[in-house]
Undergrad: 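Below you'll find the structure I mean.
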There are 2 protein chains.
Amino acid sequence: MIEYSRQPHYLVAVDCIVFGFDGEHLKILLVKRGLEPEINKWSLMGGFVGPDESPDDAANRVLKKMTGLEGVYLEQMQIYGEPHRDPIERTLSVGYFALIDIHKYEAQLNDDYEAEWFLINERPKLIFDHNQMVIDARKKLRYKAALHPILFEMLPKKFTIPQLHILFEEVNDTKIDTRNFSRKITSTGLLIKLAEKDRTGSKKGAFYFKLDKKKYAANAQAFLNLVPNLKV
Amino acid sequence: MIEYSRQPHYLVAVDCIVFGFDGEHLKILLVKRGLEPEINKWSLMGGFVGPDESPDDAANRVLKKMTGLEGVYLEQMQIYGEPHRDPIERTLSVGYFALIDIHKYEAQLNDDYEAEWFLINERPKLIFDHNQMVIDARKKLRYKAALHPILFEMLPKKFTIPQLHILFEEVNDTKIDTRNFSRKITSTGLLIKLAEKDRTGSKKGAFYFKLDKKKYAANAQAFLNLVPNLKV
DNA sequence: TTATTAATTGTCGTTTTGACAATTAATAAT
DNA sequence: ATTATTAATTGTCAAAACGACAATTAATAA
């Protein structure tokens, strides 16, 4: 029987930075950690990779368990593997960022876990290197969203261009001209205009749009350039 | 004493896709695997992550050991963690891609390891999921190189624009107009023109350029658009 | 001296960008 | 009913970038 003799073995975990958008600001979903050490401190949603699952599987499982949501947008970020990042025992963690519709979540909230949304800029102190993970995730989200149409994942099925606009500004931490923005976003051909209007935000009301799912699937990899003068 | 009871532990490895450029084609550096299983089969350069190093450290160590090179351009790609990807024992591997100056390597070749350059399109069958890693690395290289000035890492300190041009075409698997290319690449301000010419390739000769290292360091994150009509 | 070859610079119409103005569709105030 | 107000949407336009293609240049070989 062949074996890799004497090589050290480690724990492998996943941690998810879950982004949501409340209509005004970017938020992240945090949970109170349920095990020692640092029990009851705020942390990212995470868990160990089980023997019969890949890290991707594990991240999906953790998200399902803690939010009730399936099939969410999930992207592998990077591995966090400093030898002593976990004080108890060496644990390498694969960082993921997830984009979810914040309203969908609230409907399915599972109270087994003490979870809470925080404004990205007003988050509490996090355990271990989780704060760095959030910083990295925010950076990667910005980068990716500037080039690929992924922010839709944080909006309801029906959304307005002003909503999208605020979300883009929020993610990129910059002002974008509304007039140029709507022209650009509609010219992508990814949006289908609906007859209905959203009148909650203004007198005139803004038309609802929905994603052209076929084109979105085909163009999820396509390059856009929705943020002018982008600095990454 | 706190501990994470009964969680499974795994081996963690790194594997490096080492890219080089011989002046005409993109190549990758492969080694004959030195341990069972699959001993003597071609594989990527890799090794297990030691107890006192991060995966990044491990990748650098492996590269140093097998090529003699230090400080090479190295970028974390993704984790490969299917439960049975290694038939002997569960091993998760962090994939990296590296860009090196192929000539620098040849000078320092370490014969302890049977290593060989292969044309990217004529590589042998590789062990485990290493072929998929190469495919992923190629894709990521293309993506990254379209937006960031990283291909310089594969050229000598002094290089000509025609050399750069061929490299860009090779990486992106497309034809790029020489005239538009040289205008674009010089307009980045990243290149410093030298007095000397390379006369090996043509009668007229092509001027050598070198990188403006200050600007390169500042602009390594900057967006370029060197490949027209890019499809990723 | 001339032909040849590859590098380099130039031209120009089209498209994209982004700053900014004008119009429109609704509601609230008079 | 009319007017003011507000936010959404459509328009305008000059500057920049893009990309197809031509012309020039610097060398060597014939």
Side-chain angles (χ1 to χ4, degrees), chain A residues 23-24 146-147 149 155 158-170 172-210 219 222-232, chain B residues 23-24 146-147 149 155 158-170 172-210 219 222-232:
Chain A
E24 294 187 63
L147 299 167
L155 290 174
K158 295 189 303 183
F159 52 84
T160 67
I161 290 185
Q163 281 174 355
L164 250 187
H165 178 239
I166 296 170
L167 178 51
F168 267 85
E169 287 193 333
E170 183 70 10
N172 290 288
D173 208 5
T174 183
K175 286 288 167 193
I176 305 175
D177 186 280
T178 47
R179 301 160 288 190
N180 293 334
F181 179 80
S182 56
R183 236 190 315 113
K184 260 197 189 177
I185 203 79
T186 50
S187 75
T188 61
L190 290 175
L191 302 190
I192 298 174
K193 194 177 196 168
L194 304 180
E196 196 187 352
K197 270 189 171 182
D198 169 28
R199 295 210 168 74
T200 61
S202 74
K203 293 162 190 171
K204 182 175 177 180
F207 279 105
Y208 278 116
F209 288 80
K210 66 173 183 179
N219 286 314
F223 273 58
L224 298 175
N225 185 16
L226 295 164
V227 183
N229 304 319
L230 179 71
K231 297 278 179 298
V232 178
Chain B
E24 292 187 64
L147 298 167
L155 291 174
K158 294 188 304 184
F159 53 86
T160 66
I161 290 187
Q163 280 173 356
L164 250 187
H165 178 238
I166 296 171
L167 177 51
F168 267 83
E169 288 193 331
E170 183 71 9
N172 290 288
D173 207 6
T174 184
K175 286 287 166 193
I176 305 175
D177 186 279
T178 45
R179 301 160 288 190
N180 293 334
F181 179 80
S182 58
R183 233 187 319 112
K184 260 196 188 177
I185 203 78
T186 49
S187 74
T188 63
L190 291 174
L191 302 189
I192 298 174
K193 195 175 196 168
L194 304 179
E196 195 186 353
K197 268 188 171 183
D198 168 27
R199 294 212 168 70
T200 61
S202 73
K203 292 162 189 169
K204 182 176 178 181
F207 280 105
Y208 278 115
F209 289 80
K210 67 173 182 179
N219 286 312
F223 273 58
L224 298 175
N225 185 15
L226 296 164
V227 183
N229 305 318
L230 180 70
K231 297 278 179 297
V232 176

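Below, each value reflects all heavy atoms present in this structure, side chains not excepted, and no hydrogens, waters or symmetry copies. A, B, ... follow the sequence lines: proteins, then strands. Residue 1 opens every chain.
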Undergrad: Between the main-chain N or O of A:Ile176 and the side-chain N or O of A:His165, is there a donor-acceptor pair closer than 3.5 Å?
TA: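 Checking the backbone N and O of A:Ile176 against the side chain of A:His165, a donor-acceptor pair under 3.5 Å is found.
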Undergrad: Can you spot which of B:Thr186, B:Ile166, B:Thr178 makes a side chain to side chain contact (heavy atoms under 4.5 Å, CB included) with B:Ile161?
TA: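 Among B:Thr186, B:Ile166, B:Thr178, the one meeting side chain to side chain contact (heavy atoms under 4.5 Å, CB included) with B:Ile161 is B:Thr186.
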Undergrad: Does the ring of A:Tyr208 carry A:Lys158 above it, NZ/CZ under 6.0 angstrom from centre and within 45° of its axis?
TA: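 Yes, a cation-pi geometry holds between A:Lys158 and A:Tyr208.
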Undergrad: In this structure, are over 12 heavy atoms from other groups packed under 6.0 Å from B:Lys210 atom NZ?
TA: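 At most 12 heavy atoms, drawn from other residues, nucleotides or ligands, come within 6.0 Å of this atom.
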Undergrad: Check the distance between C:dA6's C1' and B:Ile161's CD1 and give it to me in whole angstrom.
TA: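 Taking CD1 of B:Ile161 and C1' of C:dA6, I get 14 Å after rounding.
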Undergrad: Decide yes or no for B:Lys204 and B:Lys197: does some side-chain heavy atom of the first lie under 4.5 Å from some side-chain heavy atom of the second?
TA: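 In short, these two side chains touch, coming nearer than 4.5 Å.
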Undergrad: Provide, to the nearest angstrom, the distance between the CG atom belonging to A:Leu164 and the P atom belonging to D:dT9.
TA: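 Taking CG of A:Leu164 and P of D:dT9, I get 11 Å after rounding.
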Undergrad: Rounded to whole Å, please give me the gap between NE2 in A:His165 and P in D:dT9.
TA: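 Rounded to whole Å, this separation is 12 Å.
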Undergrad: Rounded off to whole Å, could you give me the CD1-to-P distance for the A:Ile176 and C:dG18 pair?
TA: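 Interatomic distance, CD1 of A:Ile176 to P of C:dG18: 10 Å.
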Undergrad: Could you tell me how far apart A:Lys184 (NZ) and D:dA8 (P) are, to the nearest whole angstrom?
TA: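 About 20 Å, once rounded to whole Å.
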Undergrad: Name the pairing partner of C:dA22, where a pair is Watson-Crick or G-U wobble with both distances under 3.5 Å, or state none.
TA: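 Because both required distances fall under 3.5 Å, C:dA22 counts as paired with D:dT9.
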Undergrad: To the nearest Å, give me how far apart NZ (B:Lys193) and C1' (C:dA7) are.
TA: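 That distance rounds to 10 Å.
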Undergrad: According to the Watson-Crick and G-U wobble definitions, with both distances under 3.5 Å, which nucleotide is paired to D:dA30?
TA: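 Its partner is C:dT1.
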Undergrad: Indicate, with yes or no, if the rings of B:Phe181 and B:Phe168 have centres closer together than 6.0 Å.
TA: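 Yes, the ring of B:Phe181 comes within the 6.0 Å limit of the ring of B:Phe168, centre to centre.
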Undergrad: Expressed as a whole number of angstroms, how long is the span from A:Ile166:CD1 to D:dA8:P?
TA: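 Distance check: A:Ile166 CD1 to D:dA8 P gives 8 Å.
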Undergrad: In whole Å, I'd like the distance from the CD1 atom of B:Ile185 to the P atom of D:dC18.
TA: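 The answer, rounded to whole Å, is 12 Å.
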Undergrad: Protein within reach of the bases, or only the backbone? For nucleotides 21-30 of chain D, mark each nucleotide 5' to 3' as B, S or -, using heavy atoms under 4.0 Å.
TA: BB--BBBB--
